[in-house]
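In what follows, a structure is listed as structure tokens, so that the remarks can point back to it.
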Amino acid sequence: MKILVLSDSHGALRLMRSAIVKLKPDSVIHLGDFYDDIMTVAEDYPQLVFHCVPGNCDQFRVRPDVPRTLCYPVGGVWLYMTHGHLQSVKSGLNRLTGEGRNAHAQAVLYGHTHCPDCHQEEDGLWVLNPGSCGHSGGTVALIETNDGAISNCKLIAVADLEVMK
């Protein structure tokens, strides 16, 4: 299964739509900051499953009862999904990774910093920030799963996406 991970769109819908068309994911995750962007995009792709959390810029864009963190299986793997501002990710990832480990997640996904990051910790936990699909040239991430495990996790720059057929 292919899972497209997006964050921090800040009103830029073009890269999100292009990534969906070119990468052909089975599911899409949006990690906040302009939550309504992904709701608009989702209307164009009713065949896809969308998983979304709001970010710090979404305070007046979503109801207060919308969860700020999600943790459940997507594509057969447990994903801990959050924007990251509540875990203070700009000051380090210890709180985020601790929460993910406590939730028995196989990967923690976050945004907020606009800095792409994809790495695996020594204990096997994947840590993924797709960067911003609305700033700094734009980046997205793709997670591929197989038999309950992450088989591939990578960042994709807008320039690389544009040359894909």
Side-chain angles (χ1 to χ4, degrees), residues 1-9 15-35 37-39 41-42 44-55 58 62 66-90 92-133 138-158 160-161 164:
M1 174 177 253
K2 293 196 299 188
I3 305 163
L4 175 63
V5 185
L6 308 164
S7 190
D8 296 276
S9 49
L15 177 55
M16 292 192 293
R17 287 186 173 118
S18 177
I20 290 170
V21 168
K22 293 190 177 186
L23 298 174
K24 298 178 181 19
D26 301 293
S27 290
V28 178
I29 296 171
H30 189 276
L31 300 170
D33 275 3
F34 286 43
Y35 188 92
D37 287 351
I38 199 63
M39 295 297 115
V41 170
D44 297 335
Y45 303 96
Q47 76 281 10
L48 293 176
V49 178
F50 287 80
H51 311 273
C52 311
V53 292
D58 294 316
V62 298
V66 173
R68 283 7 188 202
T69 300
L70 300 172
C71 187
Y72 51 73
V74 178
V77 299
W78 279 85
L79 301 178
Y80 183 88
M81 300 165 270
T82 189
H83 183 64
H85 63 294
L86 299 175
Q87 292 78 20
S88 304
V89 295
K90 288 185 178 180
L93 301 179
N94 289 340
R95 183 170 171 192
L96 172 72
T97 57
E99 288 179 13
R101 287 182 177 101
N102 287 340
H104 305 289
Q106 292 163 269
V108 292
L109 314 180
Y110 73 103
H112 190 52
T113 66
H114 296 201
C115 298
D117 179 23
C118 181
H119 71 274
Q120 194 170 20
E121 300 274 302
E122 287 183 19
D123 65 356
L125 178 70
W126 281 95
V127 178
L128 175 64
N129 181 334
S132 171
C133 58
T139 53
V140 301
L142 188 67
I143 299 172
E144 294 176 277
T145 67
N146 191 14
D147 292 328
I150 295 173
S151 57
N152 192 18
C153 187
K154 63 183 175 183
L155 299 165
I156 302 169
V158 67
D160 296 328
L161 193 63
M164 287 182 184

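For the pair T145 (side chain) and G76 (backbone), a donor-acceptor distance under 3.5 Å is absent.
Looking at every heavy atom in both residues, G148 comes nearest to Q106 through O-NE2, 2.9 Å. Shortest non-hydrogen contact noted between S88 and R95 is OG-NH1, 4.2 Å. When every heavy atom of P116 is checked against every heavy atom of T139, the shortest pair comes out as CG-OG1, 3.6 Å. The two residues I143 and C153 make their nearest non-hydrogen contact at CG1-SG, 4.0 Å. When all heavy atoms are compared, the tightest approach of P130 to L155 is CA-CD2, 4.0 Å. The two atoms that bring V53 and M81 nearest to each other are CG1-O, 3.7 Å, heavy atoms only.
In this structure, L70 CG and L79 CG are separated by 10.0 Å, a value rounded to the nearest 0.5 Å. Going from atom CZ of F50 over to atom CD1 of I20 covers 4.5 Å, rounded to the nearest 0.5 Å. Separating the CZ atom in R17 from the SG atom in C133 is a distance of 11.5 Å, to the nearest 0.5 Å. Distance check: L48 CG to L4 CG gives 9.0 Å after rounding to the nearest 0.5 Å. Atom CD1 of I3 and atom CG of L142 lie 8.5 Å apart (nearest 0.5 Å). Here L96 contributes atom CG and L86 contributes atom CG; the two are 11.0 Å apart, rounded to the nearest 0.5 Å.
Legend: salt bridge (Lys or Arg N to Asp or Glu O under 4.0 Å) pairs involving residues 68-81, not counting sequence neighbours: none detected. Among residue pairs with one or both ends in residues 71-83, those qualifying as side chain to side chain donor-acceptor pair (under 3.5 Å) are D33-H83, H51-Y72, N56-H83, T69-T82, Y80-E99, T82-Q87, H83-H112; sequence neighbours excluded. For residues 123-133, the pairs satisfying salt bridge (Lys or Arg N to Asp or Glu O under 4.0 Å) are R101-D123, with sequence neighbours left out.
S18 meets the side-chain hydrogen bond (donor to acceptor under 3.5 Å, both in side chains) test with no other residue; sequence neighbours excluded. In this view, N102 satisfies the side-chain contact (heavy atoms from CB on, under 4.5 Å) rule with no residue, not counting sequence neighbours. Residues that satisfy the salt bridge (Lys or Arg N to Asp or Glu O under 4.0 Å) test with D26, not counting sequence neighbours, are absent from this structure. In this view, D147 satisfies the side-chain contact (heavy atoms from CB on, under 4.5 Å) rule with no residue, not counting sequence neighbours. Qualifying side-chain contact (heavy atoms from CB on, under 4.5 Å) partners for M39, counting only residues two or more places apart in sequence or in other chains: Y35, C52. Applying the side-chain hydrogen bond (donor to acceptor under 3.5 Å, both in side chains) test to D160 and every residue at least two apart in sequence or in another chain returns nothing. With sequence neighbours excluded, the residues satisfying side-chain hydrogen bond (donor to acceptor under 3.5 Å, both in side chains) with S9 are H30, D37. Looking at residues two or more places apart in sequence or on another chain, you find a side-chain contact (heavy atoms from CB on, under 4.5 Å) between D117 and L93, Y110, H119, V127, N129.
For the pair D58/V66, no side-chain contact is recorded, criterion being any heavy-atom separation below 4.5 Å from C-beta on. Put simply, the side chain of N146 does not reach to within 4.5 Å of the side chain of N152, judged on heavy atoms. With contacts defined as side-chain heavy-atom distances shorter than 4.5 Å, the pair L128/C118 qualifies.
By the 6.0 Å contact criterion, CD on Q47 is enclosed, its count of non-hydrogen atoms from other residues, nucleotides or ligands being greater than 12.
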Checklist entry - Passes side chain to side chain contact (heavy atoms under 4.5 Å, CB included), L23 versus M164? Steps please. => result CA-CA 9 Å; L23 298 174; M164 287 182 184; 3.7 Å; yes
